[in-house]
Amino acid sequence: MRNLPLARLFAACSLVLAPCHAADKTPPINPGNFDSKTKPGVDFYRYANGGWMDKNPIPAEYSRWGAFDELTERNNAILHEILDEAAAGKAAKGSAAQKIGDFYASGMDEAAVNEAGIKPLQGELNAIAAIGKYSDLPVAIARLHQLGLGGLFRFDVDQDEKNSLNQIVQIGQGGLGLPDRDYYFKDDARSKDLRAKYEAHLKAMFALLGELPEKADASAASVMKFETELAKVSKTRVALRDPEGNYHKMPLAQLDQIGAGFAWSGYFLALGAGQPVEIDVRQPEFVTHVGELASEKGLPLDDWKTYLRWHLIHSAAADLSAPFVEEDFRFYGQTLTGAKELRPRWKRILKETNGALGEALGQLYVEKTFTADSKQRCLTMVEDLRTVLGERIRQLDWMGAETKVAALKKLVAFTVKIGYPDKWRDYSKLEITRGSHVINILRSNAFEMGRALAKIGQPIDKTEWHMTPPTVNAYYSPNRNEIVFPAGILQPPFFDAAADDAVNYGGIGAVIGHEMTHGFDDQGRQYDADGNLKNWWTDEDMKRFKERSEAIVKQFDDYVAIDDQHVTGSLTQGENIADLGGLKIAYNALEKALARKPAEEREQKIDGFTPQQRLFLSWAQVWRNNIRPEALRLRLNTDPHSPGQFRANGPLGNLPEFQAAFGIPAGSPMLRPGNQQVQIW
Ligand SMILES: [Zn+2]
């Protein structure tokens, strides 16, 4: 099934990393990866990575291939061994190894999955077919949501944005099959073509459900019409970045009123959520339109049933028999991302196992890969960077004393999580067998829904993690005011125990700084030390922050990524601010580390490069990648992170330290025009 996006977490480096056990003899900064024909002042990204880019075409199964992906593949090899061993079937019933082994084995039994076809979902298809009146809809949708299927809107349980001690129900916009609301309206030839291909995909999926061509055509058109209705009242990604604009706490009676037409009370009851006392209706206009569509004056009941049938098979397609998997890949893999081949089955099932049982798999993973020493060294670096950020906040010339006190209070309050949870998730109530793969997945989804429902009205569990240990990524959570680094990312080239400090500060150091800065980006700065959405800024300081962040928006708006398509500065500003702050903090932390060394070591060159130069080279190599045009366009439309080349080059152009380290002449393309460098943190 599709992984539900962790919409509330402003995850950092959505690119990936890998493990330390592979004996990698290449030096941490490999001159063989450079492009000697490009000058550092012209395009530093190309200078540092051009050789690598030329030698590393994108593998057929990938839409993008970069440092993160190389590491993910090495990580996959370790996880593959763990899963093969677990699937050998010697583990005790109910143990973590039994669950991941059986989950993996049932997914790998392709013959059984193909033989079953759509059968595991027949009960759900029957339930949709049995919808006889509008008032049946809330219960039918609750049933799909319980199993992690279906669409229409998002149901979540998370911290109340303004009371971080309490968890409440959240209802938000959702239910689209295309990657973003804008895809339904854009008028250019490429967008029209994409919509035609989407409609063809819908038709093909309905045909796989047994509909004759004429009926499948009508079904596809009906889904397009339905989703366009939802898209009309969906906010843009930029509008979704405003936490205050997407917070509307209300009692259930008020939701029933603004969303009249859809029986919300009935939906919650059927879902097992009881009657929630208060709900954060994140996008009220969306809920109002759902109510209108779900009433007699709305869309015909048959259109509703067609829409639900589509989202049922759409959610499950990747786990069904080969024809569904292939058709799903044709649109979501080939058309949208340009990938040429489906990933091998073991990689797909491995990813699903991590999604369903990540803390069981993660337990075995960290035993093999993550040492107490690694954890300690990372913790030391985090504290080092926290100290530097604190010093920088104290010295900021644009922020007043009052706001600084609150900013420092927030920084001190950061919780730091490294490697893996102190308390592992208890999967004892989740039954996993060697039977149907789809049923295992539905059980796992229902288990997660049960965990979510149990949180309503409860304080948060501070030990909980929102990424699994093998994940090659990191996140900052504004509600929990915590930074989290799974074991998966604490490996080369980000963190390499054998490398010099400069390489580690340019890699994991900048990532740690990036996550910290998220606490102070366009969104994070609106939450206080306790994780509550609450203003702690003076008007004057807020104005100065906005001037600076607007300059970053403008800088990235100017970047042309492909053809005439620019980066969207407003969408990517949080990540761009975090990259700039993270790199600046990492640079200062390296300076401090160097100052502690004997004088003769401070300026010691390695392979002809000073420590400062190596820090910037390490930073740039983390972002190296080759990407297919389709995937690049998709990311430009949906990803809050800028493309790799701009993540590398964008912050560098703002740092006088970079200019000095490489002796970049004034007026070089890498520098901001007129040398208008922006500093925020
Ligand atoms: Zn980030």
Side-chain angles (χ1 to χ4, degrees), residues 5-17 64 66-68 71-72 237-238 240-243 378 381-382 385-386 389 410-411 414-418 465-467 471-486 488-490 494-495 505-527 531 545 549 552-553 555-556 559 567-586 618-620 622-623 625 635-636 638-652 654 678 680-681:
L6 288 169
R8 316 307 314 290
L9 304 172
F10 308 130
C13 327
S14 81
L15 300 183
V16 194
L17 293 253
R64 181 197 63 197
F68 285 77
L71 288 167
T72 298
R237 281 172 197 261
V238 172
L240 291 172
R241 294 188 66 79
D242 169 16
C378 290
M381 278 188 89
V382 169
L385 288 154
R386 186 186 336 228
L389 179 53
K410 179 165 183 176
L411 179 66
F414 273 179
T415 300
V416 181
K417 292 177 176 173
I418 303 257
W465 281 52
H466 294 272
M467 276 183 188
T471 306
V472 187
N473 207 336
Y475 68 89
Y476 169 74
S477 162
N479 292 127
R480 290 170 175 79
N481 195 28
E482 67 180 9
I483 48 176
V484 184
F485 303 92
I489 197 167
L490 302 173
F494 283 79
F495 173 68
Y505 279 102
I508 195 70
V511 170
I512 294 168
H514 169 110
E515 297 307 339
M516 285 182 176
T517 313
H518 271 316
F520 305 95
D521 72 12
D522 63 314
Q523 297 178 308
R525 69 167 192 85
Q526 301 185 54
Y527 296 79
F545 175 86
S549 56
I552 297 290
V553 169
Q555 178 188 356
F556 282 79
Y559 289 134
V567 176
T568 303
S570 49
L571 174 64
T572 56
Q573 62 173 310
E575 298 299 332
N576 300 331
I577 292 169
D579 282 339
L580 175 59
L583 186 56
K584 181 94 183 178
I585 299 162
S618 176
W619 164 254
V622 164
W623 302 115
N625 74 99
R635 283 174 183 269
L636 287 167
T638 58
D639 192 345
H641 305 84
S642 302
Q645 74 185 101
F646 304 118
R647 291 194 76 168
N649 285 349
L652 293 174
N654 286 306
V678 185
I680 302 183
W681 297 105

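Heavy atoms only: backbone and side chains are in, while hydrogens, waters and symmetry mates are out. Please read all numbers here as calculations on a predicted model, not as lab measurements. As the structure lists them, so they are numbered: ligands from 1, and atoms in each ligand from 1.
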(Q) Once side chain to side chain donor-acceptor pair (under 3.5 Å) is applied, do any residues pair with Lys417, and if so which ones, sequence neighbours excluded? (A) Glu482
Q) Among all residues two or more places apart in sequence or in another chain, which pass the ring pair (Phe, Tyr, Trp, His ring centres under 6.0 Å) test with Phe485? A) none
(Q) I'd like to know if the Zn ion (ligand 1) has an N/O/S atom from Glu575 within less than 2.8 Å of it, counting both backbone and side-chain atoms. (A) yes
(Q) If I take atom CG from residue Asp522 and atom CD1 from residue Ile552, how far apart are they, to the nearest 0.5 angstrom? (A) 11.5 Å
Q) the Zn ion (ligand 1) is nearest to which N, O or S atom of His514? A) NE2
(Q) Any donor-acceptor pair under 3.5 Å linking the side-chain atoms of Gln523 with those of Tyr527? (A) no
Q: For the Zn ion (ligand 1), decide whether His641 has an N, O or S atom at a distance under 2.8 Å.
A: no
**Q.** His518, N/O/S atom nearest the Zn ion (ligand 1)
**A.** NE2
